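In what follows, a structure is listed as structure tokens, so that the remarks can point back to it.
These figures come from a predicted structure and were not determined experimentally. Lettering of chains follows the sequences in order, A, B, ..., and the numbering in each one begins at 1.
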Number of protein chains: 2
Amino acid sequence: MTRARPSTPAGLGSGPYSEAQERTIAAALDLFVEHGVSGTSLQMIADALGVTKAAVYHQFNTKEEIVVAAVECELLGLEAALDAAEVAERGPRALDLLMAQVVHLAIEQHRMVGALQHDPVIVRLLAEHRPFQEFMQRLYRALLGGDASPEARVRAAMISGAIGSAVTHPLVADLDADVLADQLIRQTRRFLDLPG
Amino acid sequence: MTRARPSTPAGLGSGPYSEAQERTIAAALDLFVEHGVSGTSLQMIADALGVTKAAVYHQFNTKEEIVVAAVECELLGLEAALDAAEVAERGPRALDLLMAQVVHLAIEQHRMVGALQHDPVIVRLLAEHRPFQEFMQRLYRALLGGDASPEARVRAAMISGAIGSAVTHPLVADLDADVLADQLIRQTRRFLDLPG
DNA sequence: GTCTATATGAAGATAGAC
DNA sequence: GTCTATCTTCATATAGAC
């Protein structure tokens, strides 16, 4: 997670969360990953925390608020990488930087990646919740680097799925994180025609 | 769907389904795609069919049976492609064949791909239900073509995610199916170092 | 193959005490 | 911050008539 400051980095984040809220978010994320958002009840979250549902409802007013907070929390690392990439000038250098950071983040948070990219509830949230919308657009802009041709777009779509899949896939479940990272960066670079 | 025969192709398939069952499966698949399996209730399926829940329970004894039938139904096309690839000799030729068919299938069924690859309930089913287990192993064997090195495995994991992502991704939602297929095959070939 | 009606439990959510 | 208790709605599932 590697998050020094509390929680409010300008773009994302509806503010810092209390200790109890952070615990709730962590427990919820675990369950979202395993069962999906719809497959996770507040009872399950409460059980994981060893408290009652009412205690969870004291931290967040609705289940949706928990989902928003959890997604926010997971996107913070990506936002930092995006900030850095936007500071660097456009072109292959920025893309290479972004790519390497995305790979490392994806491996670090590999358990969450699948849910973030594919859970129907989260996907809808990412598309409808304003702050997430804007964040995703920034991300796509950086990924495309100004090139909106079909080739570039298919490549960007492929690469985001490829990385997401490669950190979750049963085929590579037994690989060492270092080996996986090395291979992923090498092959992503090759796919993107970046100097390796 | 392009499925001439009823439903029993040796490996998968617990048998042919009645007309009413096929309608139920189709409605369920639609909803699974949009809301996920856990986010889809039998009431929603019944409403989509314009009947009551009891009528749906007459076709299938449990929700899980519907999920199994739906997944089976979606994997039939992939099984045919796999059959064909296994007949061809091993090596790049078989892989190239498989890849092209997978790309076309993925585009044809693009709405279902995300759910099949990532819905937690389906993923668990794919891993635990015997016939699905065996099918997935066949698929991985064909994908790897005998090479079990980390490089080959990461590449296989990446490519399956890349294709799955490329047919679902918002970035390419407005592309023509032909353009998408062309780009996908071209870029997949390049990634796999296949002659293009 | 479809219906009405119903059983049983679990979901999201709230009230109010400690 | 946590509890017990409760509300309402919805979930899966069944019984039995048409």
(request) Name the orientation class of the two ring planes belonging to B/H118 and A/H118 (parallel below 30°, tilted from 30 to 60°, perpendicular beyond 60°). (result)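 Because their plane-to-plane angle is under 30°, the rings of B/H118 and A/H118 count as parallel.
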Selection from [options] that lies nearest to any side-chain heavy atom of [X]:
{"X": "B/T62", "options": "C/dC3, D/dA13, C/dG12", "value": "D/dA13"}
{"X": "B/K63", "options": "D/dA13, D/dG1, C/dG1", "value": "D/dA13"}
{"X": "B/Q59", "options": "D/dT14, C/dT2, C/dC3", "value": "C/dT2"}
{"X": "A/Q43", "options": "C/dA11, D/dA11, C/dG12", "value": "C/dA11"}
{"X": "B/T52", "options": "C/dG1, C/dT4, D/dC3", "value": "C/dT4"}
{"X": "B/S41", "options": "D/dT12, C/dA13, C/dG1", "value": "D/dT12"}

Quickly work out the [X] [atom1] to [N] [atom2] distance and round it to whole Å.
{"X": "B/I66", "N": "D/dT12", "atom1": "CD1", "atom2": "C1'", "answer": "11 Å"}
{"X": "B/E65", "N": "D/dT12", "atom1": "CD", "atom2": "C1'", "answer": "13 Å"}
{"X": "A/D47", "N": "C/dA10", "atom1": "CG", "atom2": "P", "answer": "11 Å"}
{"X": "A/E64", "N": "C/dG12", "atom1": "CD", "atom2": "C1'", "answer": "13 Å"}
{"X": "B/M44", "N": "D/dC10", "atom1": "CE", "atom2": "P", "answer": "12 Å"}
{"X": "B/L31", "N": "D/dT12", "atom1": "CG", "atom2": "C1'", "answer": "16 Å"}
{"X": "B/H58", "N": "D/dA15", "atom1": "NE2", "atom2": "C1'", "answer": "14 Å"}
{"X": "A/H35", "N": "C/dA10", "atom1": "NE2", "atom2": "P", "answer": "15 Å"}

(request) Map B/A54 and A/L42 onto DNA chain C by nearest heavy atom, then report which one ends up closer to the 5' terminus. (result) B/A54
(message) Both B/K53 and B/G50 contact DNA chain C. Taking the nearest nucleotide for each, which residue is further toward the 5' end?
(response)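 That would be B/G50.
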(message) Within the 4.0 Å heavy-atom criterion, would you say A/T24 contacts the bases, only the backbone, or no part of the nucleic acid?
(response)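 If one applies the 4.0 Å heavy-atom cut-off, A/T24 turns out to touch nothing in the nucleic acid.
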(request) Give one of base, sugar-phosphate or nothing for A/T40, where a contact means two heavy atoms less than 4.0 Å apart. (result) sugar-phosphate
(message) Centroid separation under 6.0 Å, is that true for the rings of A/H169 and B/Y140?
(response) yes
(message) Checking the side chain of B/H58 only, and the main-chain atoms of B/A55 only, is there a donor and an acceptor separated by less than 3.5 Å?
(response)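 Not at all, since once roles are kept as given, no pair shorter than 3.5 Å links the two residues.
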(request) Following the transitive rule for hydrophobic clusters with a side-chain heavy-atom cut-off under 4.5 Å over Ile, Leu, Val, Met, Phe, Trp and Tyr, establish whether B/L192 and B/L97 coincide in one cluster. (result) no
(message) Testing the 3.5 Å rule here: is there a donor-acceptor pair between the side chains of B/R130 and B/Q133?
(response) yes
